[in-house]
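Down below is the structure, laid out as structure tokens.
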Protein chains: 2
Amino acid sequence: MRKIPKILVVDDDPDIVEILRYNLSLAGYEVKSASNGKECIKKAKLFLPQIILLDVMMPEMDGIEACSLLQKIPSLVNTRVIFLSARNEEYTQLSAFDAGADDYISKPVKPKILLKKITSIIKRINAVNKHEDIIKLDNIIIDRNKFLIIKNDVEIYLPKKEFELLFLLASQPGNVFTRDQIMNKVWGSEIIVGDRTIDVHIRKLREKIGDLCFKTIKGVGYKFIQ
Amino acid sequence: MRKIPKILVVDDDPDIVEILRYNLSLAGYEVKSASNGKECIKKAKLFLPQIILLDVMMPEMDGIEACSLLQKIPSLVNTRVIFLSARNEEYTQLSAFDAGADDYISKPVKPKILLKKITSIIKRINAVNKHEDIIKLDNIIIDRNKFLIIKNDVEIYLPKKEFELLFLLASQPGNVFTRDQIMNKVWGSEIIVGDRTIDVHIRKLREKIGDLCFKTIKGVGYKFIQ
DNA sequence: TCATTTATTAACAATTACTTAATCTTAATG
DNA sequence: CATTAAGATTAAGTAATTGTTAATAAATGA
């Protein structure tokens, strides 16, 4: 179910890249590499790794600068940057953190410890994205395991699509979901259905759950309000 | 608005506790301390810190054991454990990570680097679920996720174009946006509409948000003022 | 299989938003 | 202080989006 974590290794020394690649691949990660900052940025955008292992001193563009640029790429907000460097001066470390580093490890790297750190980071990332299967709000409980809604102590059963739609909207009460987002999350990106399909489902929900719970934001989408 | 991050310092050496407490307090964190693993568990449950700085070797209960126990406490799932230790053997570090550590720093600790690491962790914790799409000014909040304006505690819904226009202007209060800039950002470069369209939208905003908020710079454009 | 429920579509109605055009006001300039 | 150019205002027309209903298709379950 869970995707294989992706790691981008960036170092101008091919030997180090190879050692890291070997160890990380063996541990079950998907690894790609780059040999300088510029290449790092380019590959990171395409590869969207969970973790980037970044050397400091490299030709073309150093690690610190690359890290700063990485922070500005929206699709990489969840990517962690770990510096691996032989440079051990305090000011280098400090500027690495200023540039957005998540960690700074001095070379020589001990593979076992690096792997443990990576495991620990991946664990944290996954823990965050683990979605709750029960939404409890003031007067409504939405239980995805039972496909059951309890509103004011009354049980309501909904058909699948209606349930998914409600579940999505209620997952962030007050926040607008665009029609595109709804389409993608409830129907999936492959399935294409007509424009009015969402409206009709919203209408059914309004009938069953209450008109006032669903606010239309014209030109944008819908939101669930308590 | 955001809560002050809480840190629990755990070490049996009162001097180290004091140094850390001093530095962390100065940096604006709320600090509590414990002097062994048992006390750590007890205080962590009550204090619910974001971060625990944990020594390895302590009387009563060592850091590794404490860390293992901390992992089992549901209210502390989001608490990060950073080991600070004079013991530098690889196997100690490995067992720390196995016990659920998020990081392992060797003593002597460099306060500046520790602070940077903590900042970086806190940033990550706060970054979750946050999409920086909210503009908060003195008496107006513009929330793009909710497509909602809150002015003096009153909710105001705006149509899409008006919302986008306000959002743009308020993104840099006091700065003038030219008609061209507004056109490009709100309408897009392909769409061509007449000159008076912006005026009309500004007028609607003046009606709804307040006349004084929008200053016309003749021959240039508009700016949002607080 | 058949009955029933659920999902989707199509047609049209209703609503809301956007733009324009015509007119009025204001501010700057010589 | 008259002129002019830019902006403000208003109402009305146009466009776009959403709501509703009913019919049909697809899925589900006995």
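Letters A, B, ... are given to chains in the order of the sequence lines, protein chains preceding strands, and every chain is numbered from 1. Just so it is clear, the model here is predicted, and its values are computed rather than measured.
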Taking NZ, NE, NH1 and NH2 as the nitrogens, is one of them in R144(A) or E164(A) under 4.0 Å from a carboxylate oxygen of the other?
yes

Check: L158(B) and L205(B) side chains under 4.5 Å, non-hydrogen atoms:
yes

Looking at R179(A), does any N or O in its side chain come under 4.0 Å of the phosphate oxygens OP1/OP2 on dT18(D)?
yes

Quickly work out the L205(A) CG to dA7(C) C1' distance and round it to whole Å.
13 Å

So, does R203(B) get its side chain near the phosphate of dT10(D), meaning an N or O under 4.0 Å from OP1 or OP2?
yes

How many whole angstroms separate atom CG of D195(A) from atom P of dT20(D)?
17 Å

Closer to the 5' end of DNA chain D via nearest nucleotide, is it G219(B) or Y222(A)?
G219(B)

Could I get a table of every N or O pair under 3.5 Å where one atom is in the protein and the other is in nucleotides 16-18 of chain C?
from	atom 1	to	atom 2	distance (Å)
dT16(C)	O4'	K218(A)	NZ	3.1
dT16(C)	O2	K218(A)	NZ	3.3
dC18(C)	OP1	K161(B)	N	3.0

Please tell me if R206(B) has a side-chain N or O lying less than 4.0 Å from either OP1 or OP2 of dA8(D).
yes

On the 0 to 90° scale, with breaks at 30° and 60°, tag the F214(A)-F224(A) ring pair as parallel, tilted or perpendicular.
perpendicular

Using whole Å, what does the distance between atom P of nucleotide dA8(D) and atom CG of L212(B) come to?
14 Å

Considering all heavy atoms of both residues, which atom of A99(A) and which atom of I64(A) are nearest to each other, and what is their separation?
CB-O, 3.7 Å

Using whole Å, what does the distance between atom P of nucleotide dA8(D) and atom CD of E207(B) come to?
13 Å

Does the Lys NZ or Arg CZ of K215(B) fall within the cation-pi geometry relative to Y222(B) - under 6.0 Å from the ring centre and within 45° of the axis?
no

Whole-Å distance separating the CD1 atom of I198(A) from the P atom of dA10(C):
16 Å

Over how many whole Å does the gap from M183(A) atom CE to dA7(C) atom P extend?
12 Å

Run the ring-centre check on F147(B) versus F163(B) and record whether the distance is less than 6.0 Å.
yes

Between dA11(C) atom P and D199(A) atom CG, what is the distance in whole Å?
16 Å

Salt bridge or not for R80(A) and D103(A), using N-O below 4.0 Å?
no

Expressed in angstrom and rounded to an integer, what is the separation of F147(A) atom CZ from dT5(C) atom P?
19 Å

